[in-house]
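Counting starts at 1 for both ligands and their atoms, in listed order.
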Amino acid sequence: MEEKIEDLGYSDFFESNRIKLKLDGFLVARVIAEHKGLYKVKNADGEYFGKVTGKQMFTAFSREDYPAVGDWVAISEASKGQAVIHSVLPRRTIIKRKYSGKSETQIIATNIDVAFVIESVDVDFNLNRFERYFAIVKDGGAKSVVIINKIDLISKDELELKVAQLKNRFGKIDFILTSNTTNEGLDELKAYILKGKTYCFLGSSGVGKSSLINKLLGKNIIKTENISTGNGRGRHATTSREMYFLENGGIVIDNPGMREVGMTDVITGVDDSFDEINLLAKKCKYVDCAHIHEPGCAVLSALKSGELDEKKYSNYINLKKEVEHYEMTAFDKIKKDRQFGKFIKNAKKELKKYKD
Ligand SMILES: Nc1nc2c(ncn2[C@@H]2O[C@H](COP(=O)(O)OP(=O)(O)O)[C@@H](O)[C@H]2O)c(=O)[nH]1
Ligand SMILES: [Mg+2]
Ligand SMILES: [Zn+2]
């Protein structure tokens, strides 16, 4: 069956923004996975590995400027199966949270219709945590639906008590009671998921997000960790964010647990030092300062005063060079392809003339 871009969640909202932003020269694709700054993007023609352009990487100030799983992006094909990501289309919804103690935010997923906020009935069950998740989801313009998982681990009475607590605290709220062991509630969950809509699973590590998605997929595609600690709790296994396409047309995003250590570099793959240097760079005398030998360079003066770590600086410069090189070769390739296209067109014209 041929895939349409609408099947990936594309809608009038994105199309009108694409037109408004005059992105005609680019292909449009959706970010379906992200790992350390490398993206997997997909459109009706297939999948590509994508990278952001150097310009974006070095002028982007906030993490929110980087593509995230769920985003629609403007790309150009660099070589077979590889693409350069030029820009991110405005987001319809965004699920993000603030780092504690920092002004930076962490994007969890974008362009989500419904966020399943999931807790398990064992030690994870916590009403305040539900509340925090609801706030994150509401803030980003999406809708929350609660999943209470691992109901096989407690009695019916205990479960009723938890449901009563939930209703008492939050009033009218959609919730689904599930178990991956007994398959209870899975049909109900499936019924929630509609064609062309995007869903993400939010919740602590070990509550069973990946297990539920595997059930929805009908096969064990995502790794879950089966290390039980005796109380039914498992360990987390998901390290990257990824989008999955269900048979019924629904789109779901798995997430590593939010409390997971090392989360920050799963988000963008870009080190915190980039933010530090980009912030300094705002004070450089020249807008296009390369921070290598320019006069009035704020980065160099921070380096000199010791405010900026030397290692951070050399990492930055090296990566910048690498990215510029990547871009250059990608650009040459596109140019060449264009010339080749012209060549074919002319050849056809000549051929036609000859025939006539
Ligand atoms: N008893 C029980 N264990 C479950 C259930 N769902 C998941 N688990 C277990 O919990 C652990 C963590 O599951 P996983 O899907 O990796 O959680 P995630 O970190 O939220 O993705 C694994 O050992 C699963 O087998 C459930 O409904 N009941
Ligand atoms: Mg997982
Ligand atoms: Zn500079």
Side-chain angles (χ1 to χ4, degrees), residues 33 35 58-59 69 108-109 115-125 129 133 147-155 158-159 162 176-186 188-189 200-217 219-244 252-263 266 274 276-305 307-308 312-313 316-317 320:
H35 188 70
F58 291 93
T59 54
V69 173
I108 294 158
F116 290 115
V117 178
I118 156 166
E119 290 192 4
S120 57
V121 293
D122 50 358
V123 287
D124 184 67
F125 195 81
R129 185 181 307 115
Y133 278 120
I147 294 179
I148 299 179
N149 190 36
K150 305 198 189 180
I151 60 169
D152 56 285
L153 293 176
I154 56 171
S155 71
E158 284 175 290
L159 182 61
K162 291 199 192 305
I176 310 170
L177 309 173
T178 57
S179 165
N180 286 300
T181 310
T182 64
N183 292 338
E184 272 171 274
L186 294 180
E188 208 182 322
L189 174 59
C200 71
F201 285 72
L202 304 177
S204 310
S205 292
V207 296
K209 299 180 295 295
S210 301
S211 303
L212 280 170
I213 295 174
N214 278 335
K215 285 278 163 108
L216 293 172
L217 287 164
K219 32 189 171 196
N220 287 337
I221 289 181
I222 317 173
K223 214 177 126 216
T224 60
E225 215 149 306
N226 231 331
I227 303 169
S228 179
T229 52
N231 56 3
R233 273 201 119 196
R235 290 245 304 261
H236 59 82
T238 314
T239 54
S240 58
R241 285 209 167 80
E242 198 153 348
M243 189 181 272
Y244 299 90
V252 298
I253 299 174
D254 194 14
N255 272 295
M258 283 175 135
R259 289 178 301 181
E260 204 157 311
V261 283
M263 270 306 289
V266 182
F274 276 56
E276 190 182 330
I277 293 173
N278 285 330
L279 192 63
L280 284 167
K282 300 222 149 182
K283 290 182 238 149
C284 293
K285 187 169 169 193
Y286 302 105
V287 215
D288 60 348
C289 185
H291 326 304
I292 294 172
H293 44 59
E294 291 79 0
C297 173
V299 175
L300 288 175
S301 73
L303 186 68
K304 214 169 156 190
S305 74
E307 186 199 329
L308 175 66
K312 274 187 192 169
Y313 172 77
Y316 176 93
I317 295 296
K320 189 172 175 189

Run through the protein N/O/S atoms less than 2.8 Å from the Zn ion (ligand 3) and write them out by chain and number. Cys284 SG, Cys289 SG, His291 ND1, Cys297 SG

Counterpart residues, side chain to side chain donor-acceptor pair (under 3.5 Å), relative to Ser155 (two or more places apart): Glu158

Mind checking whether Asp254 has an N or O less than 3.5 Å away from an N or O of ligand 1? no

Is it the case that ligand 1 has an N or O less than 3.5 angstrom from some N or O of Thr181? yes

Under a 4.5 Å cut-off applied to non-hydrogen side-chain atoms, are Leu212 and Phe116 in contact? no

A student checking ligand 1 against Lys209 at a 4.0 Å heavy-atom cut-off should list atoms 15 (O), 17 (O), 18 (P), 19 (O), 20 (O), 21 (O)

Per-atom contacts, ligand 1 versus Ser205 - under 4.0 Å to a heavy atom: 19 (O)

Write down the atom of His291, the atom of Leu300, and the distance for their closest heavy-atom approach. O-CD2, 3.6 Å

How far apart are the closest heavy atoms of Lys285 and Pro295, and which atoms are they? CB-O, 3.9 Å

Does any non-hydrogen side-chain atom of Phe201 lie less than 4.5 Å from one of Ser210? no

Is there a polar contact between ligand 1 and Gly208, counting only N or O atoms under 3.5 Å apart? yes

With a cut-off of 2.8 Å, does any N, O or S atom of Asn255 fall short of it relative to the Mg ion (ligand 2)? no

Contact (N/O only, under 3.5 Å) between Ile151 and ligand 1: no

Tell me, please: is Gly203 in heavy-atom contact with ligand 1, that is, under 4.0 Å? no

Non-neighbouring partners of Leu177 that pass side chain to side chain contact (heavy atoms under 4.5 Å, CB included), sequence neighbours left out: Ile148, Ile151, Leu159, Val163, Phe175

Measure from the side-chain N and O atoms of Lys209 to the backbone N and O of Gly203, and report whether any donor-acceptor pair falls under 3.5 Å. yes

Applying a heavy-atom cut-off of 4.0 Å, say which part of Thr178 lies close to ligand 1: side chain, backbone, both or neither. neither

Would you mind telling me if ligand 1 is within reach of the side chain of Asp152, the backbone, both or neither, using heavy atoms under 4.0 Å? side chain

Determine, step by step, whether Asn149 and Ser120 satisfy the side-chain hydrogen bond (donor to acceptor under 3.5 Å, both in side chains) criterion, reporting the C-alpha distance in whole Å, the side-chain angles of both residues, the deciding distance to 0.1 Å, and the verdict. CA-CA 4 Å; Asn149 190 36; Ser120 57; over 6 Å; no

Taking all non-hydrogen atoms of both residues into account, name the closest pair between Glu276 and Glu307 and its distance. OE2-O, 4.0 Å

Applying side chain to side chain contact (heavy atoms under 4.5 Å, CB included), can you list everything that pairs with Lys162, at least two apart in sequence or on another chain? Val121, Phe125, Ile154, Gln165

Region of Leu212 engaging ligand 1 - heavy atom pairs below 4.0 Å: neither

Hey, which atoms in ligand 1 end up nearer than 4.0 Å to a heavy atom of Ser179? 27 (O)

Test item: Lys215 side-chain N/O and Asn180 main-chain N/O as donor-acceptor pair under 3.5 Å: yes

Just jot down the ligand 1 atoms closer than 4.0 angstrom to any heavy atom of Asn149, in number order. 5 (C), 6 (N), 27 (O)

Leu216 side chain reached by Tyr244 side chain, heavy atoms, under 4.5 Å: no

